2 protein chains.
Amino acid sequence: MEIVDIGGVGGFSMRALGARLNIDPTAVYRHFRTKNELLEALADRVVRGDEPLPHTGDPRADLRETFAQLRGSLLRHPTLAPIVLRRPPGGEASWERTNHAIGLLRQAGLPDRQASDAYTTLLFYTLGHALTEARHTAATIARKGPDATVTPITAIGSSASRYPHLAAVADHLAADMREQFHDGLTLILSALAI
Amino acid sequence: MEIVDIGGVGGFSMRALGARLNIDPTAVYRHFRTKNELLEALADRVVRGDEPLPHTGDPRADLRETFAQLRGSLLRHPTLAPIVLRRPPGGEASWERTNHAIGLLRQAGLPDRQASDAYTTLLFYTLGHALTEARHTAATIARKGPDATVTPITAIGSSASRYPHLAAVADHLAADMREQFHDGLTLILSALAI
DNA sequence: ACCTGAACACCGTTCAAGT
DNA sequence: ACCTGAACACCGTTCAAGT
């Protein structure tokens with residue numbers, strides 16, 4: 001995880017891992033069948049995150065919190081985020097979080113079909129949002145090193161005459177993504193009447 | 001694009017491209033600075049898609065259509081989908097579609113700030129949804145070859161006792177993803193009062 | 001049980017040389 | 001202007017051999 005956080009997924013190789021562990025690179029194959037399996041184990045740790053799943057008793061608050069946790073964890077390991085999306089469903093931690101979230105939606109009174117749809121919508125929204133933000137963070141780190149301050153997404157550089165609507169809302173598009181994430185979450189939860 | 005659609009992004013290499021074109025692999029560097037730049041050009045073609053942007057005059061219908069187009073294009077080139085997400089904003093085709101969609105949201109009466117937020121929400125929802133479906137499609141193709149019928153996502157194999165909520169809605173989670181996509185879109189558009 | 005080290009079959013990219 | 005081909009510095013993975 002250290003190697004990935006510092007050098008990005010691109011900087012992670014079996015040889016780099018071997019060097020970090022003072023071990024022959026091929027020794028890793030005793031513990032993971034392929035490099036991909038190793039990366040997926042890292043991805044599962046990202047989905048789990050550091051904090052315990054929220055249990056305040058308020059489904060709406062807990063739903064906001066679990067998806068905020070997921071977003072936070074993805075942003076803490078930005079270069080790993082695409083792998084979270086790529087890996088097939090089935091990781092231990094992702095099932096844990098899925099089961100918890102669906103439980104909250106059912107607790108909020110949604111019938112099974114709606115709970116399932118709502119979960120899918122919330123998950124995809126969170127993944128898409130976090131990954132786009134993560135992509136930007138990863139690009140900044142790649143350019144300026146791991147300690148660089150991550151600037152807000154730069155305003156659109158394109159000609160205002162070709163893309164007038166885009167130019168009109170450019171300032172808002174560039175605005176704080178954390179706030180945008182929570183606003184979007186609110187939007188979806190209201191639509192669900194939660 | 002042919003190489004990528006058949007063998008996946010993993011099967012695409014400068015040497016493979018050279019062989020396909022009966023050309024020395026290094027000749028490609030006369031036309032693209034890096035392999036990544038070449039893949040991003042492909043990703044931009046995926047965002048553009050085959051169909052023209054919808055202009056029926058009904059913002060709600062056009063919004064549904066443009067995001068459905070994007071989803072369709074992503075699913076037609078499933079292994080390229082993660083690259084669409086990874087690349088920084090700025091591709092010609094993606095700006096075209098962004099400008100068009102924001103125009104529709106403004107036409108529907110949303111103020112700039114809300115239009116910006118709504119666009120972000122709709123885009124991330126569509127990307128996340130399509131990419132997860134694409135991931136499944138790509139996995140099926142990798143397992144069974146390019147002509148295999150893509151089966152619906154398999155029901156959860158895990159123990160029902162450990163994840164009771166997940167087991168309860170498993171049938172719905174496994175259901176038709178196209179319908180789920182449109183239901184989610186409806187949910188978000190209603191929340192926007194469009 | 002775990003690690004080593006040579007080896008295989010690949011990569012992306014650079015650069016001098018050709019036409 | 002465009003292509004070639006050798007070369008560089010890497011990859012993931014396998015496998016026989018060691019302890």
Side-chain angles (χ1 to χ4, degrees), chain A residues 1-46 77-88 90-91 135 138-146, chain B residues 1-46 77-88 90-91 135 138-146:
Chain A
M1 191 68 98
E2 242 178 71
I3 296 174
V4 164
D5 285 346
I6 292 174
V9 184
F12 180 86
S13 71
M14 298 310 246
R15 283 166 171 90
L17 179 58
R20 178 68 187 72
L21 299 174
N22 281 321
I23 242 174
D24 190 279
T26 63
V28 181
Y29 287 87
R30 205 43 63 174
H31 308 275
F32 292 90
R33 288 224 316 267
T34 61
K35 180 190 177 184
N36 200 49
E37 217 164 76
L38 208 167
L39 285 175
E40 285 180 3
L42 289 181
D44 203 52
R45 284 171 70 137
V46 171
H77 308 283
T79 70
L80 227 34
I83 294 181
V84 171
L85 198 76
R86 206 181 354 254
R87 67 191 256 285
R135 177 180 71 183
T140 306
I141 287 174
R143 255 202 321 277
K144 307 188 188 172
Chain B
M1 191 68 100
E2 241 179 71
I3 296 174
V4 164
D5 285 346
I6 293 174
V9 184
F12 180 86
S13 70
M14 298 310 246
R15 281 166 172 89
L17 179 57
R20 177 68 188 74
L21 299 174
N22 281 322
I23 243 174
D24 190 279
T26 64
V28 182
Y29 286 88
R30 204 44 63 175
H31 308 276
F32 293 90
R33 289 224 315 267
T34 61
K35 179 190 179 186
N36 200 49
E37 217 164 76
L38 208 168
L39 286 174
E40 286 181 3
L42 289 181
D44 202 52
R45 284 171 71 136
V46 171
H77 309 283
T79 70
L80 227 34
I83 293 181
V84 172
L85 197 76
R86 206 181 352 252
R87 68 189 255 286
R135 177 180 72 184
T140 306
I141 287 175
R143 256 202 321 277
K144 306 187 187 172

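Keep in mind the model is a prediction, meaning the values are calculated, not measured. Here is how names work: the chains are called A, B, and so on, in the same order as the sequence lines, proteins then strands, and each is numbered from 1. Values below: every heavy atom of this structure, side chains too, minus hydrogens, waters and symmetry copies.
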Complementary nucleotide for D:dA1 - Watson-Crick or wobble, under 3.5 Å: C:dT19
Atom of B:A16, atom of B:G11 and distance for their closest heavy-atom approach: CB-O, 4.0 Å
Nearest-neighbour nucleotide for the B:S13 side chain, C:dT13, C:dC11, D:dC3 considered: C:dC11
Nearest-Å distance for atom pair NZ/C1', residues B:K35 and D:dC11: 12 Å
Any A:H31 side-chain nitrogen or oxygen under 4.0 Å from OP1 or OP2 of C:dC3: yes
Separation of atom CE in B:M14 from atom C1' in C:dC10, rounded to whole Å: 16 Å
Pair of N/O donor and acceptor under 3.5 Å linking C:dG5 base with A:T26 side chain: yes
Closest approach of B:M1 to B:L42 (non-hydrogen atoms, all atoms of both residues): CE-O, 3.9 Å
Interatomic distance, B:F32 CZ vs C:dT14 C1' [rounded to whole Å]: 19 Å
Residues B:T34, B:N36; criterion side-chain hydrogen bond (donor to acceptor under 3.5 Å, both in side chains); working and verdict: CA-CA 5 Å; B:T34 61; B:N36 200 49; 5.4 Å; no
For atom CG of A:D24 and atom P of D:dC11, their distance in whole Å: 14 Å
Protein-nucleotide distance (A:N22, atom CG; C:dC2, atom P), rounded to Å: 19 Å
Among C:dG5, C:dG12, D:dC3, the one nearest B:R30 by side-chain distance: D:dC3
Integer-rounded Å distance: C:dG12 P and B:R33 CZ: 17 Å
Same-atom distance (C1') from D:dA9 to C:dA9, integer angstrom: 16 Å
Interatomic distance, A:F12 CZ vs D:dC10 P [rounded to whole Å]: 17 Å
Rounded distance (Å) that lies between atom P of D:dG12 and atom CD of A:E37: 15 Å
Non-hydrogen atoms of B:I83 and B:A43 that approach each other most closely: CG2-CB, 3.9 Å
Position toward the 5' end of DNA chain C (nearest nucleotide), A:R15 or A:A27: A:A27
Strand partner of C:dT13, provided both Watson-Crick or wobble distances fall under 3.5 Å: D:dA7
A:F12 to A:K35 - nearest heavy-atom pair and separation: O-NZ, 3.2 Å
